Structures are given as C-alpha cells and as structure tokens.
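Just so you know, ligand 1 is whichever comes first in the structure, and atom 1 is the first atom listed for that ligand. Numbers here are sequence positions counted from 1. Being a predicted model, the structure only gives us computed values, none of them experimental.
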Amino acid sequence: MAPLIGETAPNFTADSTEGEITLHDYIKNSWAILFSHPADFTPVCTTELARVSQLLPEFQKRNVKCLALSCDSSTSHKAWIPDICSYSKSAATTLGYPIIADENRSIARAYGMLPASEPSGMAMTVRSVFVIGPDAKVKLSLTYPASTGRNFDEILRVIDSLQLAVSSKVATPVDWRKGDACVVLPSVSDEQATQLFPKGFKAMDLPSGKPYLRMTPMPDA
Ligand code: BEZ
C-alpha cells in the first residue's frame, strides 16, 4: 500500500550511485522527490532521467533533492548513466542526483510502486512520484503506467503550489502557474482575508450567489 498524503515517507537505507543513502537523513531540512523506474536501460526511463538532470537547477532553486529508484544494482545504474548524459546532451559524466538500487524490491513494496502481480515473471515497478516535505511527510503521490513518461515541469508546478501553501493561506486553481492569481482558503473569513492579503481579494459572482470562490494576486513569499 502506497503511503498516503500526510503520512511519514517510509524510511530506508539503500545503496545508490552516490553511495549509501538513508532517506530521512538525506532529506534533512529539504524537500525531496522520489521517483521510480521500471528498469535500467529502458528507453522512456532514459528520457525521464535526462530531463530531471536538465531541470536540476530548478529543483535546487526550490530546495528540492531528487532521488530516482530502479530495481537493479548500483553497478547497473552506473553503467546506464553515460547513456542518460548522452541523451540529455550533457557534457557531464554524472546525473547530479542519485539512483537508488532496490534489487530486492523492498523499497518499491513499501511505497506501493509495484503493479498488481503478473503471472509471468517479476513485475517491474511503475512510474511513481512522491514529493516529500522537510518534515519527511508525503505531500504528493502520482502513479503513471510504465508506457507513459512523466512531465517533470508538472512536478515543479506542484512543488511551487505546495511551497506557497506553506507560507500563505491560499490554494492554487486549475492550470495555475507561479505568478498567477490564487484562491483564498475557504477556512479564511473575509475579515481575515483583508488582513492577510494586502493586494486585495475578490469573490467571483457565481449563479449560486455563494461567495466561496475568492481570488487574490499571488502573495509574496
Ligand atoms: C521504458 O522505460 O521505455 C519502458 C519500460 C517498461 C515498459 C515500457 C516502457
């Protein structure tokens, strides 16, 4: 069973391409993404790992550490890295973030990263993503099928929303991007909103007549 939003991300100690990692020590006071891959030397995975490597400065700006996981050995992961760097057109010989080795699938099992069992052979991990906060709690989980590569710009967008929600009593509406107007939390009264949002807020005029959809310019961090 995958850990639920709000639960502590299961801790583990595992080998990786950058040596032994204990998840909770690795996170320390940062945010983290933990994302799984079906197997080493698979095409879609290669494109995804390359993209995360390209986006690393964006993750770092947001104080997010990246951690990939694949159920092969770290020796196999290390042999795969030149392909990933080549695909990302990087002159670097390292990804800039570790790939965890989970040969016995214990981490994959703890995180619900395995599909329903298949009668033939060992099931490969699916494409899960967990965003983990500095408190080591799960803030988001996503599961994609093996045949669909993920969109890591979307993961950055969610992290922007999550980090904004820590500092301001707002939520973010459909297709929100950093800088767009935000939604005032329903738990905030109009009186409180006047204090909290100096740039103002406005209730949308809706057929129900209920003023529950209140928009405010994105608060400063
Ligand atoms: C891939 O990473 O390319 C892949 C892995 C398993 C199934 C389908 C695609």
Check: What do we get for H37 next to ligand 1 when only non-hydrogen atoms under 4.0 Å count, side chain, backbone, both or neither?
Finding: neither

Checklist line | Geometric class of the F35/H37 ring pair [parallel <30°, tilted 30-60°, perpendicular >60°] | finding: perpendicular

Notebook entry, point to check: Can you find an N/O atom of C45 closer than 3.5 Å to an N/O atom of ligand 1?
Noted result: yes

Check: For atom OH of Y87, is the number of surrounding heavy atoms from other residues, nucleotides or ligands below 6.0 Å larger than 12?
Finding: no

Notebook entry, point to check: Where the side chain of R214 meets the backbone of L185, is there a donor-acceptor pair that is under 3.5 Å apart?
Noted result: yes

Next item on the list: Using a 4.0 Å heavy-atom cut-off, say whether E48 meets ligand 1 through its side chain, its backbone, both or neither.
Entry: neither

Next item on the list: Provide, to 0.1 Å, the distance between atom 3 (O) of ligand 1 and the closest protein heavy atom, together with that atom's residue and name.
Entry: V44 N, 2.6 Å

Notebook entry, point to check: Which residue holds the protein heavy atom closest to atom 9 (C) of ligand 1, what is that atom called, and what is the gap in Å?
Noted result: A146 O, 3.7 Å

Notebook entry, point to check: Do the charged groups of R150 and E48 touch, with an N to O distance under 4.0 Å?
Noted result: yes

Note to self: Would you say that more than 12 heavy atoms from the other residues, nucleotides or ligands in this model lie under 6.0 Å from the NZ of K199, or not?
What the structure shows: yes

Check: Quick one: do R177 and D160 make a salt bridge, cutoff under 4.0 Å?
Finding: no

Note to self: I need the nearest protein heavy-atom contact for atom 6 (C) of ligand 1: residue, atom name and distance, please.
What the structure shows: M124 CE, 3.7 Å

Check: Among protein heavy atoms, which lies nearest atom 4 (C) of ligand 1, and at what distance?
Finding: R127 NH2, 3.5 Å

Notebook entry, point to check: In ligand 1, which numbered atoms sit nearer than 4.0 Å to a non-hydrogen atom of P43?
Noted result: 1 (C), 2 (O), 3 (O)

